[in-house]
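Values below: all heavy atoms of this structure, side chains included; hydrogens, waters and symmetry mates excluded. Worth saying up front: this structure is predicted, and the values here are computed from it rather than measured. One is the number of the first residue; the rest follow in order along the sequence.
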Amino acid sequence: MARYDFDLFTIGGGSGGVAASRRAGAHGARVAVCEDRDVGGTCVHRGCVPKKLLVYGSHFREEFQDAEGYGWSVQEPVFTWRKLLAAKDKELERLKGVYARLLRDSGVTLLEGRGRVLDPHTVEVAGKQYTAERILVATGSRPYLPPDITGIEHAITSDEALSLPELPRRLAIVGAGYIGVELAGVFHGLGATVTMLIRGASVLGGFDDDVRSFLTEEMRKKGIDLMTDTFIRDIEKREDGGVSLLTGGGETVEADAVLFATGRIPNTVGLGLEEAGVVLDARGAVVVDEWSRTSVESIYAVGDVTDRINLTPVAIAEGRALAETLFNDNPMQMDHTNVPSAVFSQPPVASVGLTELEAKARHGKLDIYVTSFRPMKHTLSGRNERTMMKVVVDRESNRVLGCHMVGTDAPEIIQGLAVAVKCGVTKKQLDSTVGIHPTAAEEFVTLRDKRPDPDERLASEMGHDAVVPPPRR
């Protein structure tokens with residue numbers, strides 16, 4: 001008889017958990033997955049998929065407006081929020097069934113309920129205990145609400161924003177990370193008046209500075225109100241159902257709803273991990289090595305719960321690598337370098353590789369190529385929207401260290417460039433590539449003019465022997 005009920009027990013039926021479980025099951029392992037919400041996880045039900053569907057829906061207002069410049073006469077369109085939500089929910093229900101079937105077809109047992117680790121080989125779900133040779137934690141992350149703000153209970157997170165019963169006429173968004181800017185574009189595009197309150201001077205902290213400043217300006221041009229260098233002191237609920245926000249500077253912002261997009265934290269509370277000996281970091285993330293193994297030899301973790309690179313494709317790759325290592329005698333590690341990412345803001349952002357500041361810190365001398373232009377589509381539409389592209393190059397080796405874009409189709413374009421960057425493409429190779437004309441993407445292979453280096457220009461003005469002070473950041 002088998003020593004354990006299962007070879008692998010996965011806690012969490014999201015992207016990483018499903019990927020690891022399916023692959024392990026396909027290799028003949030006895031696998032169980034427990035999920036206390038919807039199989040498919042955050043990405044399918046409260047993240048990537050519903051978000052992208054709403055992004056598509058929000059584009060149509062501008063498309064109708066732009067059509068006139070191309071000879072189309074369009075009657076005043078009417079948008080119905082409930083119709084969009086119903087269509088979105090129908091698709092999510094279909095995907096839920098698809099994920100359940102994929103697990104079933106791989107021989108994986110799906111259990112409903114939240115799992116709790118009792119010891120290195122035992123998991124409890126809905127009052128019943130199961131043993132497993134190995135346990136995988138793949139519970140993802142959850143929205144974070146700052147507890148020190150009075151009235152924070154009146155705020156909503158991205159979980160609720162994607163399924164609001166009514167479209168808010170006025171929406172306040174606190175935070176300017178990828179979730180904040182994406183939902184700002186969605187609700188603005190669908191007709192809401194959107195105010196963003198952010199602590200810094202521009203959106204998307206962590207992205208390249210040129211990307212941040214460019215997108216900030218483009219969002220303002222679209223009519224989104226960005227209140228920078230601002231934090232919230234308290235929130236009051238109004239008798240009419242709306243909310244009133246008081247800022248640290250004493251200003252008030254009135255809205256029908258306030259969305260806090262202030263980050264996500266690893267979903268580890270109540271899992272029994274620390275009691276079982278698993279080490280967590282200060283944010284509550286599961287600490288793992290390069291093989292996704294925790295401090296307990298039989299317990300592993302993948303995806304956002306490890307707080308490495310919190311992207312769905314990364315969680316999937318980590319899960320598949322783990323299954324190959326444990327159940328197919330094919331040791332694999334997820335390579336976390338040069339992982340591309342996209343923000344479905346309006347206009348969208350996509351990047352791969354290092355930002356300029358990161359590249360300068362690691363490599364020193366750089367060549368920077370930047371361009372911005374009006375997309376061809378808007379020469380007839382008349383829309384005042386621009387595209388920005390940037391290539392960061394190591395001067396000594398000529399290797400491309402980073403590619404960044406803000407503009408229509410940026411995610412589709414950067415996905416292709418990500419292959420080249422992963423393979424170590426040089427600027428010379430980009431220059432020797434023939435572009436497809438007329439496209440925006442061809443600009444990446446026609447960039448020739450380097451941006452002047454401010455340090456070198458200062459040295460030239462002061463004399464070659466002058467000591468150049470470090471740049472201010």
(request) From the options Val406, Val343, Thr216, Ile198, select the one residue that forms a side chain to side chain contact (heavy atoms under 4.5 Å, CB included) with Leu204. (result) Val343
(message) If I compare all heavy atoms of Ala138 with all of Thr10, which pair ends up nearest, and what's the gap?
(response) CB-CG2, 4.4 Å
(request) Using atom types as modelled and distance alone, determine if a side-chain donor or acceptor of Asp281 lies under 3.5 Å from a backbone N or O of Gly284. (result) yes
(request) Flag the pair Asp307 and Arg283 as a salt bridge only when some basic side-chain nitrogen lies within less than 4.0 angstrom of an acidic carboxylate oxygen. (result) yes
(message) What's the separation between atom CG in Leu103 and atom CZ in Arg101, rounded to the nearest 0.5 Å?
(response) 12.5 Å
(request) Indicate yes or no: at least one non-hydrogen side-chain atom of Ile265 is less than 4.5 angstrom from one of Arg142. (result) yes
(request) In sequence, state the C-alpha distance, the side-chain angles, and the governing distance for Asp208 and Arg212, and then conclude on salt bridge (Lys or Arg N to Asp or Glu O under 4.0 Å). (result) CA-CA 6 Å; Asp208 186 88; Arg212 299 180 65 195; over 6 Å; no
(request) Using side-chain contact (heavy atoms from CB on, under 4.5 Å) as the criterion, list what pairs up with Glu254, not counting sequence neighbours. (result) Arg170, Arg238, Ser244, Thr252
(message) For Val108, is there any backbone N or O sitting under 3.5 Å from a side-chain donor or acceptor partner on Ser106?
(response) no
(message) Between Lys88 and Ser163, do the side chains contain a donor N or O and an acceptor N or O under 3.5 Å apart?
(response) yes
(request) Decide whether Thr157 and Glu160 meet the rule of one side-chain donor and one side-chain acceptor closer than 3.5 Å. (result) yes
(request) Would you mind listing every ring-ring contact (aromatic ring centres under 6.0 Å, His included) that reaches into residues 168-216, with sequence neighbours excluded? (result) Trp81-Phe187
(message) Between Val211 and Met388, is there a side-chain heavy-atom distance shorter than 4.5 Å?
(response) yes
(request) Look at the side chain of Glu442 and the backbone N and O of Gly435, then say whether any donor-acceptor pair between them is shorter than 3.5 Å. (result) no
(request) Grab the two heavy atoms, one from Gly47 and one from Leu162, that are nearest each other, plus how far apart they are. (result) N-CD1, 4.1 Å
(message) Using modelled atom types and a 3.5 Å cut-off, is there a donor and acceptor pairing between side-chain atoms of Gln346 and backbone atoms of Gly185?
(response) yes
(message) Test your reading of the model: is there a side-chain donor-acceptor pair from Thr139 to the backbone of Asn267, 3.5 Å cut-off?
(response) yes
(request) Find the distance between CZ (Arg264) and OG (Ser158) and round it off to the nearest 0.5 Å. (result) 5.5 Å
(request) Would you check if the side chain of Thr306 reaches a backbone N or O of Asp304 as a donor-acceptor pair within less than 3.5 Å? (result) no
(message) Please give me the minimum heavy-atom distance between Thr387 and Thr408, naming the atom from each residue.
(response) OG1-N, 4.2 Å
(message) Run the salt bridge (Lys or Arg N to Asp or Glu O under 4.0 Å) test against Arg308 and tell me which residues pass, sequence neighbours left out.
(response) Glu318
(message) Does either side chain, that of Glu68 or that of Ser73, offer a donor lying less than 3.5 Å from an acceptor on the other one?
(response) no
(message) Quick check: do Tyr300 and Leu326 have side-chain heavy atoms less than 4.5 Å from each other?
(response) yes
(request) Could you tell me which non-hydrogen atom of Val400 sits nearest to which non-hydrogen atom of Thr426, and how far apart they are? (result) CG2-C, 3.7 Å
(request) State, with a plain yes or no, whether a side-chain heavy atom of Leu92 is found less than 4.5 Å away from one of Val49. (result) yes
(request) Could you tell me whether Lys427 sits above the aromatic face of Tyr369, with NZ or CZ closer than 6.0 angstrom to the six-membered ring centre and within 45 degrees of the axis? (result) yes
(message) Run the salt bridge (Lys or Arg N to Asp or Glu O under 4.0 Å) test against Glu91 and tell me which residues pass, sequence neighbours left out.
(response) Arg94
(message) Rounded at 0.5 Å granularity, tell me how far OG1 in Thr262 sits from CZ in Arg199.
(response) 9.5 Å
(message) Do the side chains of Arg362 and Asp394 get close enough for a salt bridge, i.e. N-O under 4.0 angstrom?
(response) no
(request) Measure the shortest side-chain to side-chain distance between Ile368 and Glu356 over non-hydrogen atoms and say whether it is less than 4.5 angstrom. (result) yes
(message) Less than 4.5 Å apart, side chain to side chain, heavy atoms only: is that true for Leu167 and Phe79?
(response) yes
(request) Determine yes or no for a side-chain-to-main-chain donor-acceptor pair under 3.5 angstrom, with Tyr70 supplying the side chain and Lys377 the backbone. (result) yes
(request) Scan Asn398, Leu366, Leu447, Leu401 and name whichever one has a side chain to side chain contact (heavy atoms under 4.5 Å, CB included) with Val393. (result) Asn398
(request) Ignoring hydrogens and angles, tell me if any N or O in the side chain of Asp289 forms a donor-acceptor pair with the backbone of Ser292 under 3.5 Å. (result) yes
(request) Verify, without hydrogens or angle tests, whether Glu93 (side chain) and Lys90 (backbone) share a donor-acceptor contact under 3.5 angstrom. (result) no
(message) Could you check whether Lys365 pairs with Glu396 (Lys NZ or Arg NE/NH1/NH2 to Asp/Glu carboxylate O, under 4.0 Å)?
(response) no
(message) Applying salt bridge (Lys or Arg N to Asp or Glu O under 4.0 Å) to Glu182 and Lys51, what does each step give before you reach the verdict?
(response) CA-CA 8 Å; Glu182 287 176 340; Lys51 176 268 308 280; 2.9 Å; yes
(request) Name all residues meeting the salt bridge (Lys or Arg N to Asp or Glu O under 4.0 Å) criterion together with Glu166; count only those two or more places apart in sequence or in a different chain, and write none if there are none. (result) Arg82
(request) Test salt bridge (Lys or Arg N to Asp or Glu O under 4.0 Å) on Arg23 and Glu324 and set out the steps. (result) CA-CA 7 Å; Arg23 183 67 64 94; Glu324 287 295 311; 3.1 Å; yes
(message) Using side-chain heavy atoms (C-beta onward) and a distance below 4.5 Å, is Leu136 in contact with Ile11?
(response) no
(message) Give me the atom names and distance for the closest heavy-atom approach of Ala184 to Met196.
(response) CB-SD, 3.6 Å
(request) Output, in order, the C-alpha distance, side-chain angles, deciding distance and verdict of salt bridge (Lys or Arg N to Asp or Glu O under 4.0 Å) for Arg448 and Asp431. (result) CA-CA 8 Å; Arg448 297 293 186 271; Asp431 293 344; 3.1 Å; yes
(request) State, with a plain yes or no, whether a side-chain heavy atom of Val203 is found less than 4.5 Å away from one of Leu226. (result) yes
(message) Tell me if a side-chain donor or acceptor on Thr42 pairs with a main-chain N or O of Arg46 at a distance below 3.5 Å.
(response) no
(request) Return the orientation label for the Phe60 and Phe64 ring planes: parallel under 30°, perpendicular over 60°, tilted otherwise. (result) tilted
(request) Work out which heavy atom in Ala100 is nearest to a heavy atom in Val39; give both atom names and the distance. (result) N-CG1, 4.1 Å
(message) Check this for me, if you would: do Arg451 and Asp210 make a salt bridge, where the nitrogen-to-carboxylate-oxygen distance has to be below 4.0 angstrom?
(response) yes
(request) With sequence neighbours excluded, tell me which residues meet salt bridge (Lys or Arg N to Asp or Glu O under 4.0 Å) with Glu218. (result) Lys221
